[in-house]
Amino acid sequence: MSIDIGIVGLAKSGKTTIFNALAKGKGDTRSLAPHIGIAKVPEPRLKVLADMLHPKRIVPAEISYTDIGASVKDLGEDKAISGQILNQLSNADALINVVRAFTNESIPHIEGSLDVDRDIATTNLELALYDIGIISRRLDKIETSLKGAKTTERQSLLQEQELLSRIKANLEKDVPIRELRLTVDQARTIANYQFLTAKPLLIVVNIGEEQIPRTASLEAELNSHYSRIMSGIITLCGKLEMELTQLDNNTAEGFRTEFGITESGLDRVIKFSYQLLGLISFFTIVSGEVKAWSIQKGNNALKAAGKIHSDMERGFIRAEVISYDDLMKCGSLSEAHKKGLLRLEGKGYIVQDGDVVTFLFKV
Ligand SMILES: Nc1nc2c(ncn2[C@@H]2O[C@H](COP(=O)(O)OP(=O)(O)OP(=O)(O)O)[C@@H](O)[C@H]2O)c(=O)[nH]1
Ligand SMILES: [Mg+2]
């Protein structure tokens with residue numbers, strides 16, 4: 001099960017451009033929306049591991065992006081399409097809101113002017129309205145159920161009613177669910193609704209080529225007035241990034257240097273999504289392949305095994321673990337063995353970022 005990120009935003013903000021760049025043009029954008037594309041998670045340690053171990057293949061972790069192919073603002077209008085599309089969005093682990101900051105005479109901004117703050121607010125409102133819709137329908141149902149409810153059911157219905165009412169009141173005051181600091185129990189109660197405003201949100205301000213030299217100051221300015229829980233904001237020139245994906249790596253690097261861009265904007269988007277989701281990487285070395293995997297921080301070895309294969313989770317015996325740093329110090333796996341640095345860990349071991357893991361399991 002890979003991590004999925006849904007791309008939202010107003011019409012003509014550059015959603016598809018950024019999606020294509022992220023999926024290196026390999027997303028299927030011909031068929032009807034939504035489109036799903038896969039991006040490889042940048043992980044410099046993979047290359048270092050490969051240099052040490054000379055594997056047949058290196059396999060980076062993947063993250064999938066969904067371009068819903070519509071503006072969230074338009075979704076409210078056509079119920080039939082929007083139902084399916086929003087459903088797709090509700091399955092996402094996080095959202096990216098693409099906000100337009102580039103000028104393009106031939107494709108005017110749908111609101112007639114550029115205004116990043118206004119557009120962020122518009123999309124936030126649309127996402128909140130979707131959540132409010134779900135809550136209202138559920139509250140009506142609870143109301144009906146309460147009439148005939150037995151005492152045992154009553155308690156939990158009342159609790160849910162109280163929680164949902166509080167969430168709704170907050171949404172009506174423009175406070176998204178992600179900012180409510182819900183308890184673990186409360187989060188579990190509402191998990192099934194897959195509320196859109198509960199998801200981590202990365203705002204990608206899509207700037208024009210002429211703004212690239214000012215990236216640092218633009219981002220500092222945006223960050224100074226947009227600092228929220230489980231949310232982040234960065235700038236990216238979608239058009240340039242998409243054009244760079246058409247070139248080979250060296251040529252693209254040359255262009256970046258020319259524009260004064262130190263790091264690929266797409267790598268930054270992926271890394272930022274990673275951070276927002278609290279993801280870490282671990283590595284496996286099996287039959288000549290070095291692979292990177294991503295899991296949520298705090299997950300145990302059993303969960304990590306399940307990420308690779310359900311058989312591994314079911315037949316889990318133990319995990320042999322060495323940290324990336326220890327392995328680097330030893331220079332090879334056999335040297336690490338000699339030094340006794342490979343630890344045997346059980347199901348409950350909390351996997352750490354950079355762990356190199358071999359799972360022992362029976363099928
Ligand atoms: N100049 C400039 N044009 C851009 C940039 N990003 C996107 N565009 C152009 O803006 C137009 C809309 O971009 P799309 O990526 O299709 O936007 P979208 O949000 O997917 O649009 P819809 O799906 O129709 O809502 C395209 O013609 C792009 O080439 C940019 O950074 N600079
Ligand atoms: Mg599009």
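Counting starts at 1 for both ligands and their atoms, following the listed order.
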Donor-acceptor pair, [X] side chain versus [Y] backbone, under 3.5 Å?
X    : Y    : result
T251 : L247 : no
R178 : K199 : yes
R154 : L146 : yes

To which protein heavy atom is [atom] closest, and what is the distance rounded to 0.1 Å?
atom                    : answer
atom 16 (O) of ligand 1 : T16 CB, 4.1 Å
atom 17 (O) of ligand 1 : G14 N, 3.1 Å
atom 21 (O) of ligand 1 : K12 N, 3.2 Å
atom 13 (O) of ligand 1 : T17 OG1, 3.6 Å
atom 6 (N) of ligand 1  : N206 ND2, 3.2 Å
atom 25 (O) of ligand 1 : K15 NZ, 2.9 Å
atom 10 (O) of ligand 1 : F102 CZ, 3.5 Å

Is the Mg ion (ligand 2) under 2.8 Å from any N, O or S atom of T17?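 So T17 does not count as coordinating the Mg ion (ligand 2).
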Element-labelled atoms of ligand 1 that are located less than 4.0 Å from some non-hydrogen atom of [X]:
X    : result
A11  : 25 (O)
T103 : 1 (N)
I107 : 10 (O), 11 (C), 26 (C), 27 (O)

Under 4.0 Å between a side-chain nitrogen and a carboxylate oxygen: does that hold for [X] and [Y]?
X    : Y    : result
D326 : K329 : yes
R228 : E179 : yes
K271 : E263 : yes

I18, portion touching ligand 1 at heavy-atom distance under 4.0 Å: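 For I18, no heavy atom sits under 4.0 Å from ligand 1.
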Between D67 and ligand 1, which part of the residue brings a heavy atom under 4.0 Å of the ligand: side chain, backbone, both or neither?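 Under 4.0 Å from ligand 1, D67 contributes no heavy atoms.
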Students often mix this up, so state it plainly: with edges at 30° and 60°, are the rings of W293 and F282 parallel, tilted or perpendicular?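 Ring orientation of W293 relative to F282: parallel.
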Going by heavy atoms, is S13 under 4.0 Å from ligand 1?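 Checking ligand 1 against S13, which is what was asked, there is a heavy-atom contact under 4.0 Å.
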Cut-off 3.5 Å, side chains only: do H109 and D115 have a donor facing an acceptor?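 The criterion, which ignores hydrogens and geometry beyond distance, is not satisfied for D115 and H109.
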Going by atom types alone, do T66 and D4 pair a side-chain donor with an acceptor below 3.5 Å?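 D4 and T66 do have a side-chain donor-acceptor pair below 3.5 Å.
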Nearest heavy atom to atom 31 (O) of ligand 1: which of N20, N104, I207, I212 does it belong to?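 Looking at heavy atoms only, I207 sits closest to atom 31 (O) of ligand 1.
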Which heavy atom in L10 sits nearest to a heavy atom in I110, and how many Å separate them?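 Closest approach of L10 to I110: CB-CD1, 4.0 Å.
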I'd like to check whether G208 has a polar contact with ligand 1, where a contact means an N/O of the residue lying under 3.5 Å from an N/O of the ligand.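 N/O-N/O distance below 3.5 Å does not exist for this pair.
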